[in-house]
2 protein chains.
Amino acid sequence: MEEKIEKIKQQLHSHNYKLTPQREATVRVLLENEQDHLSAEDVYLLVKEKSPEIGLATVYRTLELLSELKIIHKMNFGDGVARYDLRDDNSDRHHHHLVCMNCGTVDEIFENLLVGVEERVHNVYNFSILDHRLTFYGICHRCIDKVNIDDFK
Amino acid sequence: MEEKIEKIKQQLHSHNYKLTPQREATVRVLLENEQDHLSAEDVYLLVKEKSPEIGLATVYRTLELLSELKIIHKMNFGDGVARYDLRDDNSDRHHHHLVCMNCGTVDEIFENLLVGVEERVHNVYNFSILDHRLTFYGICHRCIDKVNIDDFK
DNA sequence: GTGCTTGCAAAGCATTTGCATCCTG
DNA sequence: CAGGATGCAAATGCTTTGCAAGCAC
């Protein structure tokens, strides 16, 4: 935890930004909720619990900044809000999402599912890949016995 | 073209909706721009050329309706606007996107890149897949010689 | 003090909704 | 003429921005 904060501090410093108390509080919330996919509002409410004086705009600016520095990932599952995820350098390229169309839960899976696929895209389409997103939409294991899957087709 | 319109008309009728002139104009724009990924605003402006009296709200309502009936695909590339695509039943599951981080162009590729992957996700995570999105972000063949790729990393 | 940060409020956009009107059957 | 469909304008919801004040080096 502390060493992760320290690392992010370095990353900010290397781009001439400071780890202000507000930014640190925001980063801590992200670290404490690494499995989740928090929206800016979610982060704001959690940060407010510890630091009630923080403004929503500051949270947005911090998330935008961390996103630009590629410390976090900004993503979109089609529900109208941006969601944020800490980036773990190692698992990053092998990190995909399972979005449940019944309960809305977003699970993460860590598997190198695209072995060979990226190379193929590069060779066939002359497209230089820098990042990718792979998201599966369906019904999660918690809901599968409770719903009629045909209702979602 | 005409038979595609006719088919969509049937799909609407089967759900007790009509193919009104406004809806037809909207569908025609989508058919005429099948390669593109138009935003609602784009569609609105194109429809307006032929039918200047149409309202933006009607375009939104039509796109929403077509999306619910799964006649079109609503998607999101992270630029803050929803984009729409006609669904071709056959190529649908093998239809992916290449988003250029320099010029913003979205190219489509049609390849069954995920052979085996879906089965694996289903078996390992007990997740019943109904749809997926695979998007690659990078630099397209038109831009690769004009930019320094490290600037995007 | 100079420049980055912040909080607040106002503005910005994309999208949705209320409502009176208009068709269509 | 009854119900769906439309156009307009207003409202909404997420996000960004302007600006004056605060803070740090």
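Protein chains get the first letters and strands the later ones, always in sequence-line order, with residue 1 at the start of each. These numbers come from the heavy atoms of this one structure, side chains and all, not from hydrogens, waters or symmetry mates. Values in this document were obtained by computation on a predicted structure and should not be read as measured data.
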### Message
Filter on side-chain hydrogen bond (donor to acceptor under 3.5 Å, both in side chains), then keep only pairs touching residues 18-33 of chain B, sequence neighbours left out; what's left?
### Response
B:Glu2-B:Arg28, B:Glu24-B:Arg28

### Message
Under the side-chain hydrogen bond (donor to acceptor under 3.5 Å, both in side chains) definition, can you give me all pairs with a residue in residues 52-62 of chain B, not counting sequence neighbours?
### Response
none

### Query
Counting only non-hydrogen atoms, which of residues 14-22 of chain B are less than 4.0 Å from DNA chain D?
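Here the set is B:Tyr17, B:Lys18, B:Thr20, B:Gln22.
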
Whole angstrom is fine here: how far is it from [atom1] in [X] over to [atom2] in [N]?
| X | N | atom1 | atom2 | answer |
| --- | --- | --- | --- | --- |
| A:Arg83 | D:dG13 | CZ | C1' | 14 Å |
| B:His13 | D:dA5 | NE2 | P | 10 Å |
| A:Glu64 | D:dT16 | CD | C1' | 9 Å |
| A:Glu41 | D:dT12 | CD | C1' | 14 Å |
| B:Ile54 | D:dA5 | CD1 | C1' | 11 Å |
| B:Asn76 | D:dC14 | CG | P | 15 Å |

Can you list the residues that meet the side-chain hydrogen bond (donor to acceptor under 3.5 Å, both in side chains) rule with [X], with sequence neighbours excluded?
| X | answer |
| --- | --- |
| A:Ser67 | none |
| B:Tyr44 | B:Lys48 |
| A:Glu108 | A:His37, A:His95 |
| A:Asp107 | A:Arg142 |

### Task
Determine, stepwise, if the pair B:Arg83 / B:Asp42 fulfils salt bridge (charged side-chain N to carboxylate O under 4.0 Å, His left out).
CA-CA 9 Å; B:Arg83 297 183 176 279; B:Asp42 294 337; 3.8 Å; yes

### Task
Remember a base hit wins even if backbone is also touched, and classify A:Glu53 as base, sugar-phosphate or nothing at under 4.0 Å, heavy atoms.
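Since only primed, P, OP1 and OP2 atoms lie under 4.0 Å of A:Glu53, the category is sugar-phosphate.
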
#### Entry: Separation of A:Leu114 CG from B:Leu114 CG (nearest 0.5 Å)
7.0 Å

### Message
For the OH atom on A:Tyr17, are there more than 12 heavy atoms of other groups (residues, nucleotides or ligands in this structure) within a distance under 6.0 Å?
### Response
no

#### Entry: Partners passing side chain to side chain contact (heavy atoms under 4.5 Å, CB included) against B:Asn123 (at least two apart in sequence or in another chain)
B:Glu119

### Contacts of type salt bridge (charged side-chain N to carboxylate O under 4.0 Å, His left out), residue B:Lys9, not counting sequence neighbours
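B:Lys9 satisfies salt bridge (charged side-chain N to carboxylate O under 4.0 Å, His left out) with no residue once adjacent residues are dropped.
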
### Query
Are side-chain heavy atoms of A:Arg133 and B:Leu134 found at a separation under 4.5 Å?
no

### Query
Quick one: are B:Leu46 and B:Lys50 in side-chain contact, heavy atoms under 4.5 Å?
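No; the side chains remain at least 4.5 Å from each other.
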
### Strand-adjacent residues in residues 24-35 of chain B, judged by heavy atoms under 4.0 Å from DNA chain C
none

### Task
Indicate whether the side chain of B:His96 and that of B:Glu111 have a donor and an acceptor atom separated by less than 3.5 Å.
no

### Task
With a 4.0 angstrom cut-off to heavy atoms of chain A, pull out the first and last contacting nucleotide of DNA chain C, in 5'-to-3' order.
C:dT5 to C:dC8

Considering only nitrogen or oxygen atoms on both sides, find all protein atoms under 3.5 Å from nucleotides 18-21 of chain D and state each distance.
from	atom 1	to	atom 2	distance (Å)
D:dG18	O6	A:Arg61	NH1	3.4

### First of A:Tyr44 and A:Leu65 reached from the 5' end of DNA chain C, by closest nucleotide
A:Leu65

#### Entry: Residue mapping more 5' on DNA chain C - nearest nucleotide basis, A:Lys48 or A:Arg23
A:Arg23

#### Entry: Distance test, side-chain N/O of A:Tyr60 to OP1/OP2 of D:dT16, below 4.0 Å
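No.
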
